[in-house]
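Notes follow once the structure below has been shown.
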Amino acid sequence: MPTYQRPPGTLDILPEDQPYWSRVRTHAIHLAELAGFERLDTPMFEATEVFARSIGQGTDVVEKEMYTFLDQGGRDLTLRPEFTAGVVRAYIENGLYVEVSPQKLFSIGPTFRYDRPQAGRYRQFTQFNAEILGEQDPAADLEIMTLVWDLYARLGLADLEFQLNSTGCPRCRPAYVEGLRAYYEDHSDHICDDCQRRLEQSPLRVLDCKAEACQPLLERAPRIQNHLCEECAQHFADLREGLDLLERRYVLNHRLVRGLDYYTKTVFEVWAAGIGAQSALCGGGRYDGLVGLLGGPETPGVGVAVGLERIVILMKELGVEPSAPRTPEVFLAYLGEAPRRRSLMLMDELRRGDVGVYLAMGRERGLRSQLREADKRAARYTVILGEVELERGKATVRDMKAGDQADVDLSLLVTWLRERVG
RNA sequence: GUGGGUGUGGCCUAAUUGGUCAAGGCACCUGGUUGUGGCCCAGGCGAUUGCGGGUUCGAGUCCCGUCACUCACCCCA
């Protein structure tokens, strides 16, 4: 065992995995920009209050999953467990509501949750996040959903569909929740302990209970879809029409309720098999009250958070090719002190000429050892410089694939190589 | 927080079920070629078998504890 290990639930992303990450990030950023989203970077930590108020006191995230600490100045801070709260805080603080509306913003970076790690779940994980602030039109929900769908499609994850639901708004939800509570109270002796608690704290959460005992009751529980106000019902219908029109598959899931309190109307997730017991690839929804709740002007919003680790896991599982890493195609080998100095200069010259190059290290190495290294590094050409070549003002350039060699004038070497690599 | 599984060199695996066996493969380094890679051959580096304790003449192998990793529950990315 090594003396030091990664903290539980964290990940070393080694060079061999970077091509996957690079491909995921590149596509995410490209698609976001294509759809008119602008990048916003916020701090990795915020005042704890920002998250506690947004996400809600009774939620799992706030109750037991936050990395919270006091800094030297006694400030109560928390590593972000998600992006939305911080993005909304930045939107208000920087007065982005006076800019063109809606504001379409995306972010990408690490997030932190103190969960128990398991397959597909980490304490530090990476999210791609997109938000549309200042627009109540269901077209905004549709754009958000289309964006993540297209990201998956580009990365080769096919056969996906949205889980979709509407959780109503402050006008219609309270009545539904009362109805749900009343229904459950009539049968309270048949439900699990967790649900007993949920009824008090966040009644909607009884809907995604998986306990055997609760299933029969759930079957006949009232469904929010039948209790939406006219505005919410219309919004939901418009969104579904848009999804149909653009052929983004979805299934209605009346039991989909997300673990954060701020959602209104639309909630959705995308599920996939193959990431251990986890299924959610992304999750999102509308939060029309959040900006107001955090002290800004009443402003509707909708957004999504995409888990990047889970995408990478699936890409590997499905055999999706990552992007090819770019490594130098030229290796400089030398024999002797004068050639070594000349190689140093060649290295400099080549890189200034935008030719990627490895330089052999070590002063007493045999050519065999240097060529072995060149081979392992998959260099296309090895430039061999010894006393013999130096005297004639030339270098021996070995084509590693063909196995043949050419004499090239040192003065022409950069040009010669530039014509053949890149 | 709760439960299950696992823990041998950088990686993968072995050790006749307590008796010199800590072995093999991959990787790495050197040499076979006084200046030539990939294949092959030879050699080499590298492990107090997670840690602590116990049983025993003797433990990698049994027991207890502990730590770590891992999977799962809750919930999510």
Side-chain angles (χ1 to χ4, degrees), chain A residues 1-11 14 16 55 58-65 80-84 108-129 148 163 192-195 197-198 202 205 208-212 256-260 267 269-272 275-284 304-314 331 333-336 339 360 362 364-390 396-405:
Chain A
M1 287 300 110
T3 312
Y4 298 108
Q5 290 175 276
R6 275 172 280 135
T10 61
L11 225 43
L14 301 176
E16 60 180 27
I55 297 166
T59 60
D60 282 3
V61 170
V62 171
E63 219 165 58
K64 54 182 193 185
E65 295 173 3
R80 65 182 171 212
E82 59 127 26
F83 276 82
T84 304
I108 189 164
T111 42
F112 306 84
R113 285 185 205 174
Y114 191 79
D115 264 12
R116 203 60 187 272
Q118 67 190 74
R121 174 190 293 157
Y122 309 94
R123 287 184 174 173
Q124 176 179 329
F125 56 105
T126 313
Q127 284 193 343
F128 166 74
N129 189 264
V148 296
Q163 301 288 316
C192 71
D193 295 348
D194 284 338
C195 282
R197 263 206 326 276
R198 289 182 180 122
S202 47
R205 297 272 302 284
D208 70 344
C209 181
K210 282 128 199 149
E212 284 285 333
L256 182 72
V257 288
R258 312 217 55 246
L260 315 177
V267 293
E269 293 180 358
V270 171
W271 294 349
I275 37 183
Q278 321 320 317
S279 54
L281 274 184
C282 70
V304 65
V306 181
L308 266 36
E309 282 79 6
R310 291 179 183 183
I311 293 181
V312 170
I313 290 170
L314 283 178
F331 187 92
Y334 51 82
L335 293 150
E364 299 291 325
R365 285 173 72 185
L367 186 56
R368 176 184 171 87
S369 155
Q370 298 185 58
L371 277 166
R372 272 185 181 160
E373 183 183 342
D375 186 58
K376 271 178 216 146
R377 295 197 185 278
R380 186 68 218 283
Y381 296 97
T382 299
V383 175
I384 300 167
L385 198 59
E387 307 285 359
V388 190
E389 284 84 356
L390 209 51
T396 301
V397 182
R398 182 172 179 80
D399 182 325
M400 298 297 281
K401 206 173 285 174
D404 51 27
Q405 306 187 164

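Every value quoted in this text rests on a predicted model; they were computed, and no experiment measured them.
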request  = With P as the reference atom in both, quote the distance from B:C11 to B:U66 in angstrom, rounded to an integer.
outcome  = 27 Å
inquiry  = Counting C-beta onward and ignoring hydrogens, is there a side-chain heavy-atom pair between A:Val306 and A:Gln127 closer than 4.5 Å?
reply    = no
request  = Could you check whether A:Val257 gets within reach of a base, just the sugar-phosphate, or nothing at all, counting any heavy atom under 4.0 Å?
outcome  = sugar-phosphate
Contacts table for residues 110-119 of chain A: side-chain donor-acceptor under 3.5 angstrom, sequence neighbours left out:
residue, atom, partner, partner atom, Å
A:Thr111, OG1, A:Phe125, O, 3.1
A:Arg113, NE, A:Pro81, O, 2.8
A:Arg113, NH2, A:Pro81, O, 3.0
A:Asp115, OD2, A:Arg121, NE, 3.2
A:Gln118, OE1, A:Arg121, NH1, 3.2

ask   = Looking across every strand, which nucleic acid part, if any, lies under 4.0 Å from A:Gln405 by heavy atom: base, sugar-phosphate, or nothing?
value = base
note = For A:Glu387, the side-chain contact (heavy atoms from CB on, under 4.5 Å) test, sequence neighbours excluded, returns A:Ala338, A:Pro339
ask   = Going from CD on A:Glu389 to OH on A:Tyr334, what distance comes out if it is rounded to the nearest 0.5 angstrom?
value = 14.5 Å
message = Measuring only the P atom in each nucleotide, how far is B:U56 from B:A72? A whole number of Å is fine.
response = 42 Å
Listed pairs, N/O of protein and of nucleotides 69-73 of chain B, under 3.5 Å:
residue, atom, partner, partner atom, Å
B:C71, OP1, A:Ala119, N, 3.4
B:C71, OP2, A:Ala119, N, 3.2
B:A72, OP1, A:Ala277, N, 2.9
B:A72, OP2, A:Gln118, NE2, 3.3
B:A72, OP2, A:Ala119, N, 3.4

Protein and nucleotides 30-32 of chain B: nitrogen or oxygen contacts under 3.5 angstrom:
residue, atom, partner, partner atom, Å
B:G31, O6, A:Arg368, NH2, 3.3
B:G32, N7, A:Arg368, NH2, 2.9
B:G32, O6, A:Arg368, NH2, 2.5

Phosphate OP1/OP2 of B:C28: any A:Lys376 side-chain N/O under 4.0 Å = yes
message = Please classify the nucleic acid contact of A:Asp208 as base, sugar-phosphate, or nothing, using heavy-atom distances under 4.0 Å.
response = sugar-phosphate
query = A:Leu335 has an atom CG; how far is it from atom P of B:G37, in whole Å?
reply = 13 Å
key: Pairing residues for A:Arg377 by the side-chain hydrogen bond (donor to acceptor under 3.5 Å, both in side chains) criterion, not counting sequence neighbours   = A:Glu373
inquiry  = Output the rounded distance in Å from CZ (A:Arg205) to C1' (B:C75).
reply    = 7 Å
note = Dot-bracket assigned to RNA chain B with the 3.5 Å Watson-Crick/G-U criterion, [ ] for crossing and | for other-strand pairs, is (((((((..((((.....[...)))).(((((.......))))).....(((((..]....))))))))))))....
task = Name all residues meeting the side-chain contact (heavy atoms from CB on, under 4.5 Å) criterion together with A:Leu335; count only those two or more places apart in sequence or in a different chain, and write none if there are none.
result = A:Leu367, A:Gln370
task = May I ask you to say what A:Arg398 touches in the nucleic acid, namely base, sugar-phosphate or nothing, with a heavy-atom cut-off under 4.0 Å?
result = base
query = Do A:Gln370 and B:U36 have a side chain to base donor-acceptor pair shorter than 3.5 Å?
reply = no
ask   = From B:C74, B:U36, B:C76, pick the nucleotide closest to the side chain of A:Ile384?
value = B:U36
inquiry  = Among residues at least two apart in sequence or on other chains, which ones pass side-chain hydrogen bond (donor to acceptor under 3.5 Å, both in side chains) with A:Glu269?
reply    = A:Arg258, A:Trp271
message = Within the 4.5 Å heavy-atom criterion, are A:Arg198 and A:Cys209 side-chain neighbours or not?
response = yes
message = Within the structure provided, determine whether A:Met400 and A:Thr382 are in side-chain contact (heavy-atom separation under 4.5 Å).
response = yes
key: Any donor-acceptor N/O pair under 3.5 Å between B:G35 base and A:Glu389 side chain   = yes
inquiry  = Rounded to whole Å, how long is the line connecting atom CZ of A:Arg310 with atom C1' of B:C75?
reply    = 10 Å
What are the atom names and distances for every N/O pair under 3.5 Å that joins the protein to nucleotides 43-47 of chain B?
none

message = Measuring only the C1' atom in each nucleotide, how far is B:C64 from B:G19? A whole number of Å is fine.
response = 24 Å
inquiry  = Between B:A42 and B:C26, how far apart are the two P atoms, rounded to whole Å?
reply    = 12 Å
message = Would the base of B:G37 count as contacting A:Asp375 through its side chain, where contact means a donor and an acceptor less than 3.5 Å apart?
response = yes
ask   = Please give, in whole Å, the distance from B:C76 P to A:Gln127 CD?
value = 13 Å
ask   = Roughly how many Å is it from CD in A:Glu373 to C1' in B:G35, rounded to a whole number?
value = 17 Å
inquiry  = I want to verify the glycosidic state of B:U17; is it syn or anti under the 90° rule?
reply    = syn
message = What contact category does A:Arg198 fall into here, base, sugar-phosphate, or nothing, at under 4.0 angstrom with non-hydrogen atoms?
response = sugar-phosphate
inquiry  = Going by the rule side-chain contact (heavy atoms from CB on, under 4.5 Å), which residues pair with A:Thr126 if we only count those two or more places apart in sequence or in a different chain?
reply    = A:Trp21, A:Leu308, A:Glu309
key: Whole-Å P distance, B:G3 and B:A15   = 32 Å
message = When you compare the side chain of A:Glu82 with that of A:Leu260, does any pair of heavy atoms fall below 4.5 Å?
response = yes
note = Sorted by chain and residue number, the ring-ring contact (aromatic ring centres under 6.0 Å, His included) partners of A:Tyr381 (sequence neighbours excluded) come out as A:Trp416
key: Atom pair distance, as rounded to whole Å: CZ in A:Phe331 and C1' in B:G38   = 15 Å
key: A:Ser369: side-chain contact (heavy atoms from CB on, under 4.5 Å) partners, not counting sequence neighbours   = A:Arg365
Between P of B:C76 and CD1 of A:Ile313, the distance in whole Å = 18 Å
task = Assign each of A:Leu260 and A:Leu367 to its nearest nucleotide of RNA chain B by heavy atoms, then name whichever residue's nucleotide is nearer the 5' end.
result = A:Leu367
query = Would you say A:Glu65 and A:Thr59 make side-chain contact, with heavy atoms under 4.5 Å?
reply = no
request  = Measure from the side-chain N and O atoms of A:Arg205 to the backbone N and O of A:Val257, and report whether any donor-acceptor pair falls under 3.5 Å.
outcome  = no
query = Using atom C1' of each nucleotide, how far apart are B:U20 and B:U48 to the nearest Å?
reply = 16 Å
ask   = Between A:Asn129 and A:Ile108, is there a donor-acceptor pair closer than 3.5 Å when you use the side chain of the first and the backbone of the second?
value = no
ask   = P atom, B:C63 versus B:G5: distance in rounded Å?
value = 13 Å
message = Rounded to whole Å, please give me the gap between CD in A:Glu82 and C1' in B:C76.
response = 12 Å
ask   = What distance, rounded to whole Å, do you find between the two C1' atoms, one in B:G58 and one in B:C69?
value = 31 Å
